[in-house]
Student: 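Please see the structure below; I have some questions.
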Amino acid sequence: MKLPFIIIIDDDTQVLRAIQRDVRNKFREEYKILAVESAVEALEAVKELKLKNETVALFISDQRMPDMEGTVFLDKAKDIFPDAKKVLLTAYSDIEAAIKAINTLRLDYYLLKPWSPPEEKLYPVIADLLDDWQNSFTPEFEGIKVIGYQWSPLSHKIKDFLTGNLIPYKWLDVEVNKETSESLAIHKIESDQLPAVLFEDGTLLKCPTELEIAERVGLKSTASQELYDVVIIGAGPAGLAAAVYGGTEGLRTLMIEKKAPGGQAGTSSRIENYLGFPSGLSGADLTRRALTQAQRFGVELLSPCAVIDIKTKDNYKILSLSTGPEIKTHTVVISTGVDYRTLDVKGINELTGAGVYYGSATAEVHSCKGKNVFIVGGGNSAGQAAMYLSGFAKNVFIVIRKGSLDSTMSRYLIDQINLTNNISLITNSVVAEVIGNNKLESVTIKNNETGEQKTNEAGALFIFIGARPVTDWIKLNIFKDSKGFIETGRDLFKSEVFKKIWKLDRDPYPLETCIPGIFSAGDVRAGAMNRVASAVGEGAMTIKLVHEYLTEV
Ligand SMILES: Cc1cc2nc3c(=O)[nH]c(=O)nc-3n(C[C@H](O)[C@H](O)[C@H](O)COP(=O)(O)OP(=O)(O)OC[C@H]3O[C@@H](n4cnc5c(N)ncnc54)[C@H](O)[C@@H]3O)c2cc1C
């Protein structure tokens, strides 16, 4: 934690040095001591400290100064650091002003000059005031702060990005948190420049892109080497597992992630069926562990950065990226997973990010406190979100087309939902319309059996309605099934064309695509099991196959 400041102001250099020396002798271990000769300069310094997210515990100011009286200075300083203790350094003749200040500006103490011996006249008073300050002081949040409007889609995007990348931040809603007006004024931020991201060193970005934030927080978007043994595209469970094994096997391994490591699993509030974690673990926790493990073994990560094309040249694969120059590699693992299908109903485009969210509930959960929230979908991800949100929302309604969850959700989740009082199921129904002016206000639910429609007040709508493979970006002729999932291994023989294009005198390896040296793992692969454990297993397996391929080239 940063040390708080004690600020001393006196225009008399000798007095200033003397009190600075005495205060420093006793308190320098726990406080930084700043001594200034002019009140005007001191005020500038105080503003600067505020900008840098520093804290002031105590002001000790002389009363008689040419540029500003001590009481005037303390009054101004109080507006910037309202909780700091205030001591006026006075001559006997100024006692009246000091007593008046106790009432008007809640002066904490007036100290008569001279204060010697300090052990008797100075230290007990200061120690007592600092103790008092420590007891009531709540340390400022020291990390990144995001200031914006709750219902702004850009605010949601930034929060989602920081959450996904496991970067702690404090969210400040301008309409709720009073402290934001002070920050906006100090940093000269207009309301049309929100959301703003304030960093620990006092600098800020207004309406930033994800890339701008990534650069500031030290995420990398350009590779360090010319050539890699394996490049893994997508850092979900499959990619992370491949990365850990690639690293441990000593391969030059690069992992590239479009949005945030963890993939779909990273957005899960609790994964209960992953081997070795009997009480479950959150997706964020799993991601943090896996990333640490991969980086410990020297794996490089570029994020956020999307691979937008793959080409082959001789035995090399050349990857084009959304940021930075092309990358050359011997092998590729495509583990780009799946993305949510979008819900096509009236009003939804305008309100996406402003009360309507696809997938992840974690970044917006606090805005659901005490409200009715709706979840569309009957799969495990919808079930997990319902359980998680039930701890915050007044009521959670799960809207499903079918008559029950039995065929789409795991039994353990159905049991948990049945035991949770504030979760209700709306069966045989669909969302017909979402309504709101700048933010979601209500949703209209239509019962498919009766045709009846009902509009309900809604704080948020979370959509989990199945997924499509993230393969649109691949221009190379990698065989996919009719839904766009990547074909691998023996499944490739189903195609007559494959037999014509496969020129090696061996069969493709189990997770190899129709292009030698390009593998695929996890949910993006045709026939995948759509589970964390299976994605991890496939990711690990690809590295064994990468090794075999590398011995051939
Ligand atoms: C909310 C939720 C809860 C779940 N709970 C469970 C559970 O409890 N148990 C369980 O077993 N399974 C669960 N699942 C399923 C499980 O999360 C998935 O099966 C698993 O995440 C698949 O991993 P993957 O690595 O194949 O793909 P994904 O997790 O989809 O990861 C793919 C990654 O690739 C990135 N990417 C995509 N395109 C590009 C590109 N062009 N360039 C770079 N990067 C790219 C994406 O941004 C993403 O991070 C859950 C899923 C969800 C959504």
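On a predicted model such as this, the values are computed, not experimentally measured, just so you know. Atoms within a ligand are numbered from 1 in the order they appear, just like the ligands themselves.
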Student: Ring centroids only, cut at 6.0 angstrom: are F374 and F462 within range, meaning strictly under it?
Tutor: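 No, too far apart.
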
Student: Hey, which of R525, R506, K544 is the one that makes salt bridge (Lys or Arg N to Asp or Glu O under 4.0 Å) with E512?
Tutor: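 Checked R525, R506, K544 against E512; only one passes salt bridge (Lys or Arg N to Asp or Glu O under 4.0 Å): R506.
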
Student: Judging by distance only, is a nitrogen or oxygen of N273 under 3.5 angstrom from one on ligand 1?
Tutor: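 Looking only at distances, the answer is yes, because the N/O contact criterion of under 3.5 Å is met.
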
Student: Should you measure from each heavy atom of V338, which atoms of ligand 1 turn up under 4.0 Å away?
Tutor: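 Contacts of ligand 1 toward V338, numbered from 1: 30 (O).
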
Student: Could you check whether any heavy atom of G280 sits closer than 4.0 Å to an atom of ligand 1, since that is the contact criterion I want to use?
Tutor: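 G280 does not count as a contact of ligand 1 under the 4.0 Å cut-off.
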
Student: With heavy atoms only and a cut-off of under 4.0 Å, state how S335 meets ligand 1: side chain, backbone, both or neither.
Tutor: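 Backbone only.
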
Student: Does the Lys NZ or Arg CZ of K145 fall within the cation-pi geometry relative to W171 - under 6.0 Å from the ring centre and within 45° of the axis?
Tutor: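 Pair K145/W171 does not count as cation-pi.
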
Student: Are V365 and Y388 close enough that some pair of their side-chain heavy atoms sits under 4.5 Å apart?
Tutor: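 SC-SC contact between V365 and Y388 confirmed.
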
Student: Atoms of ligand 1 less than 4.0 Å from I256 heavy atoms?
Tutor: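 Atoms satisfying the 4.0 Å criterion: 43 (C), 44 (N).
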
Student: Assess whether atom NZ of K157 is packed by more than 12 heavy atoms of other residues, nucleotides or ligands within 6.0 Å.
Tutor: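 At most 12 heavy atoms, drawn from other residues, nucleotides or ligands, come within 6.0 Å of this atom.
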
Student: Just go through L413, V307, D309 and tell me whose heavy atom is the nearest to atom 42 (N) of ligand 1.
Tutor: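 Of the listed residues, V307 has the closest heavy atom.
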
Student: Could a heavy atom of Y340 be found less than 4.0 Å from some atom of ligand 1?
Tutor: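 For ligand 1, residue contact (heavy atoms, under 4.0 Å) with Y340 is present.
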
Student: Output the list of atoms in ligand 1 that are nearer than 4.0 Å to some heavy atom of T267, sorted by atom number.
Tutor: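 Counting atoms of ligand 1 from 1, those under 4.0 Å from T267 are 1 (C).
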
Student: Pick, from E257, R270, R525, Q264, the option with the minimum heavy-atom distance to atom 28 (P) of ligand 1.
Tutor: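 Closest candidate by heavy-atom distance is Q264.
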
Student: Is the F392 to H366 ring centre distance short of 6.0 Å?
Tutor: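 Ring centres of H366 and F392 closer than 6.0 Å.
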
Student: Please classify the A528 to ligand 1 contact at 4.0 Å (heavy-atom distances, strictly less than): side chain, backbone, both or neither.
Tutor: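 A528 to ligand 1: no contact under 4.0 Å from either part.
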
Student: If we set the cut-off at 4.0 Å for heavy atoms, which region of A260 has an atom near ligand 1: side chain, backbone, both, or neither?
Tutor: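 Looking at A260 and ligand 1, just backbone atoms fall under 4.0 Å.
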
Student: Strictly by modelled atom types, are N448 and N428 linked by a side-chain donor-acceptor pair under 3.5 Å?
Tutor: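 No pair is found: no donor N or O on one side chain lies under 3.5 Å from an acceptor on the other.
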
Student: At their closest point, which heavy atom of L511 faces which heavy atom of L545, and how far apart are they?
Tutor: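 For L511 and L545, the tightest heavy-atom pair comes out as N-CD1, 3.7 Å.
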
Student: Which distance, rounded to the nearest 0.5 Å, do you find between the CD1 of I310 and the CD1 of I327?
Tutor: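 Here the rounded value is 11.5 Å.
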
Student: Assess N380 for proximity to ligand 1: is some non-hydrogen atom of it under 4.0 Å away?
Tutor: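 Checking ligand 1 against N380, which is what was asked, there is no heavy-atom contact under 4.0 Å.
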
Student: Is it true that G266 lies under 4.0 Å from ligand 1, counting heavy atoms only?
Tutor: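 No, G266 has no heavy atoms under 4.0 Å from ligand 1.
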
Student: Before accepting this row, confirm whether a basic side-chain N of the pair K220/E300 lies closer than 4.0 Å to the acidic partner's carboxylate O.
Tutor: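 Salt bridge present between K220 and E300.
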
Student: Check V470 against ligand 1 and report side chain, backbone, both or neither, counting heavy atoms closer than 4.0 Å.
Tutor: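 V470 to ligand 1: side-chain contact only, backbone stays beyond 4.0 Å.
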
Student: Tell me which one of G379, A235, P237, G236 gets a heavy atom nearest to atom 23 (O) of ligand 1.
Tutor: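 Ranked by closest heavy atom to atom 23 (O) of ligand 1, first place is P237.
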
